[in-house]
Amino acid sequence: RMGLGLPTPDPKPEKFGFKLLAQDGKARRGEVSMPRGTIRTPAFMPVGTAATVKFMYPGQVRDLGADVILGNTYHLMLRPGAERIHSLGGLHKFANWKYPILTDSGGFQVMSLAKLRKMSEQGVEFKSHIDGVKHFMSPERSIEIQCQLGSDIQMQLDECTRLPASEDEIERAMQLSLRWAERCKIEFGDRPGQAMFGIVQGGDIPRLREESAQSLKDMDLKGYSIGGLAVGEPQQVMLDMLEVTCPVLPEDKPRYLMGVGTPDDLIESVSRGVDMFDCVMPTRAGRHGLAFTRYGKVNLKNARHKDDHRPLDPLSHCPAARDYSRAYLYHLVKSNEALGSMLLTWNNLAYYQELMQGMRDAIEAGRFEDHKVEVKEGWARGDI
Ligand SMILES: CNc1nc2c(CC[C@H]3O[C@@H](OC)[C@H](O)[C@@H]3O)c3nc(N)[nH]c(=O)c3cc2[nH]1
C-alpha cells in the first residue's frame with residue numbers, strides 16, 4: 001500500500017482475537033485478528049453503508065491502508081435484502097471486499113431513518129424509509145441478518161439515546177440494551193472466527209456508563225463498542241464519558257467508539273484508550289467539497305481557491321492530494337462534477353489512514369503526547 005506499513009502477514013488465525021502490542025499512557029497499539037485478516041489499531045474504518053464506500057473502488061480503499069470497512073444491517077436488509085446477499089455468496093463476495101467487515105446492528109438507523117416505529121421489549125416494528133414496507137427488528141433478527149451478510153464483527157441490537165435526554169430515559173434505554181445484549185449473545189452462539197460486540201450506553205451520566213460497561217464486561221464478550229455518543233453532545237462531554245467508560249472495560253478486548261469522528265476527535269479519543277473508529281465524516285465531507293489535510297480543513301467551495309495552482313498536499317502519498325490543483329478541485333466542486341467527489345473522498349480517506357498510521361507509529365515509539373502536539377500544530381498552521 002502507499003507507503004503505509006504493511007501488516008506482518010501472520011498465519012491465517014482461525015479464531016477472533018485481540019493482542020495489545022504497546023501502550024503509551026492510555027493510548028493503545030494493538031491488533032484485532034480473524035480469519036479474513038488483521039486490523040491494526042488504532043484503526044479508522046471507512047463506512048460502506050450500502051455495501052459500497054461511496055465514490056471509491058474496493059481496491060483503492062484497501063491501498064489507502066484500510067484493514068476493515070463497515071456495512072449497515074438496516075440499509076442492507078431493506079435493499080437489496082439480507083437473504084438476497086446471502087444467496088449471492090455473502091457481503092464480502094457481493095461487494096468484492098475479501099478483508100474484515102464490521103456491521104452495525106441497525107438500531108441507530110431504525111431510530112433515525114425508519115418511519116412509524118413501535119418499540120417493545122421484544123424489538124422494534126418499523127416501516128422502511130424506502131418503500132414503506134413493514135419490518136420487525138429484534139435482537140435475534142439483527143444477529144440473524146448480520147450472519148446472513150457474513151459479517152466478521154457484529155453489533156448487538158441496542159437503543160441509542162439522543163442527547164440531551166432525561167436520566168430516566170437514558171437509564172431505561174441502557175437497561176433495555178443490556179437485556180438485548182444477553183439475547184444477542186445467545187443468538188450469536190459459538191462462532192470462533194467472528195465476534196459480536198456489546199455496546200455501552202448510558203448517555204452523559206457517569207453512573208449509568210459505569211453500570212453499562214461493568215454489566216457488559218461480566219458477559220465476557222469479544223469486544224466492546226461505546227455507543228450513544230457523537231449524537232449532538234459537545235466534544236468534551238464525549239471525552240468525559242470515555243474517561244469514565246474505558247477504565248471499566250477489559251484491557252485485553254478491543255474498544256470501538258461508534259460514529260466518531262473528526263481528526264481531533266480521533267486523536268483525543270485514542271489518547272483516552274479507544275482502539276477502533278467509524279465515521280461518515282471523511283466520505284460525506286468529500287462529497288460536499290471539504291478536504292481534510294495535515295494543514296487543517298480546506299473548503300473547496302470557497303472562491304479563494306479559484307486561481308490557486310497548488311495541490312492540497314505535495315507531501316501526501318495520495319495522487320488526489322498531490323496531482324491536482326486547488327483551482328481544479330474548486331472548478332470540479334462548483335461544476336458538481338463526479339470527479340470532484342471522487343478526488344476529495346480519496347484525499348480524505350488517505351488523510352484519515354495517514355493520521356491513524358502516524359498514531360500507531362507514535363504509540364510504538366512511546367512519543368504519543370509529542371505527536372499529538374505536532375499534529376495539532378499542523379492543523380493550526382493552516383494552509384501550506
Ligand atoms: C454519527 N454518530 C453516531 N453513529 C452512531 C451509530 C451508528 C453508526 C453506523 O451508522 C452509519 O453512519 C451514520 C454507519 O453505517 C455506522 O456503522 C450507533 N450505532 C449503534 N448501534 N449504537 C449507537 O449507540 C450508535 C451511536 C452512534 N453515534
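Counting convention: from 1, in listed order, for ligands and their atoms alike. One is the number of the first residue; the rest follow in order along the sequence.
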* Asked: Is the side chain of Arg28 donor-acceptor paired with the backbone N or O of Pro254 at a distance under 3.5 Å, no angle test?
  -> no
Any N/O pair Leu229/ligand 1 closer than 3.5 Å
yes
For the pair Asp264 and Lys376, find out whether any cationic side-chain nitrogen is under 4.0 Å from an anionic carboxylate oxygen.
yes
Can we say Asp252 and Lys19 salt-bridge, meaning some charged N sits less than 4.0 Å from an Asp/Glu carboxylate O? no
Practice task
Take every heavy atom of Leu102, measure it against each atom of ligand 1, and state whether any distance is under 4.0 Å.
Solution key: no
of all protein heavy atoms, closest to atom 7 (C) of ligand 1 is Asp104 OD2, 3.3 Å
Taking only non-hydrogen atoms of Thr49 and a 4.0 Å limit, the atoms of ligand 1 in range are 15 (O)
shortest atom 16 (C) of ligand 1-to-protein heavy-atom contact is with Asp278 OD2, 3.3 Å
In this structure, atom 24 (O) of ligand 1 is nearest to the protein heavy atom Gly228 N, 2.7 Å
Between Arg272 and Asp240, does any NZ, NE, NH1 or NH2 come within less than 4.0 Å of an OD or OE carboxylate oxygen? no
Per-atom filter on ligand 1: closer than 4.0 angstrom to a heavy atom of Gly227 are 23 (C), 24 (O)
Co-membership, hydrophobic cluster, residues Leu102 and Leu76, 4.5 Å side-chain: no
min-distance protein heavy atom vs atom 2 (N) of ligand 1 -> Ala230 O, 2.9 Å
**Message:** So that I know where these two stand, are Tyr74 and His129 an aromatic pair - ring centroids less than 6.0 Å apart?
**Reply:** yes
Nearest heavy atom to atom 10 (O) of ligand 1, choosing from Gln109, Met258, Glu159, belongs to Gln109
Note: ligand 1 atoms sitting under 4.0 Å from heavy atoms of Gly259 are 1 (C), 2 (N), 3 (C), 4 (N)
Between the side chains of Arg172 and Glu169, is the shortest nitrogen-to-carboxylate-oxygen separation below 4.0 Å, so that they form an ion pair? yes
In plain terms, say whether Arg141 and Glu187 are close enough for a salt bridge, that is, a side-chain N and a carboxylate O under 4.0 Å apart.
no
Under 4.0 Å from one or more heavy atoms of Ser105, ligand 1 contributes atoms 21 (N)
*Could you label the plane-to-plane angle of the Tyr99 and Trp97 rings as parallel, tilted or perpendicular, counting under 30° as parallel and over 60° as perpendicular?*
perpendicular
If you scan protein heavy atoms around atom 18 (C) of ligand 1, the nearest is Phe108 CD1, 3.4 Å
Considering residues, nucleotides and ligands other than Arg84, do more than 12 of their heavy atoms fall under 6.0 Å from its CZ? no
**Message:** Are Phe292 and Tyr351 an aromatic pair, judged by ring center distance below 6.0 Å?
**Reply:** no
- Does CZ in Arg79 sit with more than 12 non-hydrogen atoms of other residues, nucleotides or ligands closer than 6.0 Å? no
Val47 heavy atoms within 4.0 Å reach ligand 1 at atoms 14 (C), 15 (O)
The reported gap from CZ in Arg191 to CZ in Phe16 (rounded to nearest 0.5 angstrom) is 14.0 Å
Honestly, for Val260 the part within reach of ligand 1 (heavy atoms, under 4.0 Å) is neither
Ligand 1 atoms nearer than 4.0 angstrom to some heavy atom of Cys160 are 23 (C), 24 (O), 26 (C)
Under 4.0 Å between heavy atoms, the region of Ser225 that gets near ligand 1 turns out to be neither
Q.
Polar contacts were defined as any N/O atom of the residue lying under 3.5 Å from an N/O atom of the ligand; does this apply to Gln156 and ligand 1?
A. no
The protein heavy atom nearest to atom 12 (O) of ligand 1 is Val280 CG1, 3.7 Å
Handout entry: Residue-ligand contact Gly107/ligand 1, heavy atom below 4.0 Å
Key = no
Tyr256-ligand 1 polar pair, N/O distance under 3.5 Å
no
- request: Please state whether Gln201 comes within less than 4.0 angstrom of ligand 1, counting heavy atoms only.
  value: yes
Under 4.0 Å from one or more heavy atoms of Ile199, ligand 1 contributes atoms 21 (N)
d(Cys147 SG, His86 NE2) to nearest 0.5 Å is 10.0 Å
Looking only at protein heavy atoms, what sits closest to atom 22 (N) of ligand 1 is Asp158 OD2, 2.6 Å
Atom 15 (O) of ligand 1 has as its nearest protein heavy atom Asn72 ND2, 2.9 Å
Can you see whether Phe55 has Arg284 sitting over its ring - NZ or CZ less than 6.0 Å from the centre and within 45° of the normal? no
Numbered in order shown, the ligand 1 atoms found under 4.0 Å of a heavy atom of Leu70 are 16 (C), 17 (O)
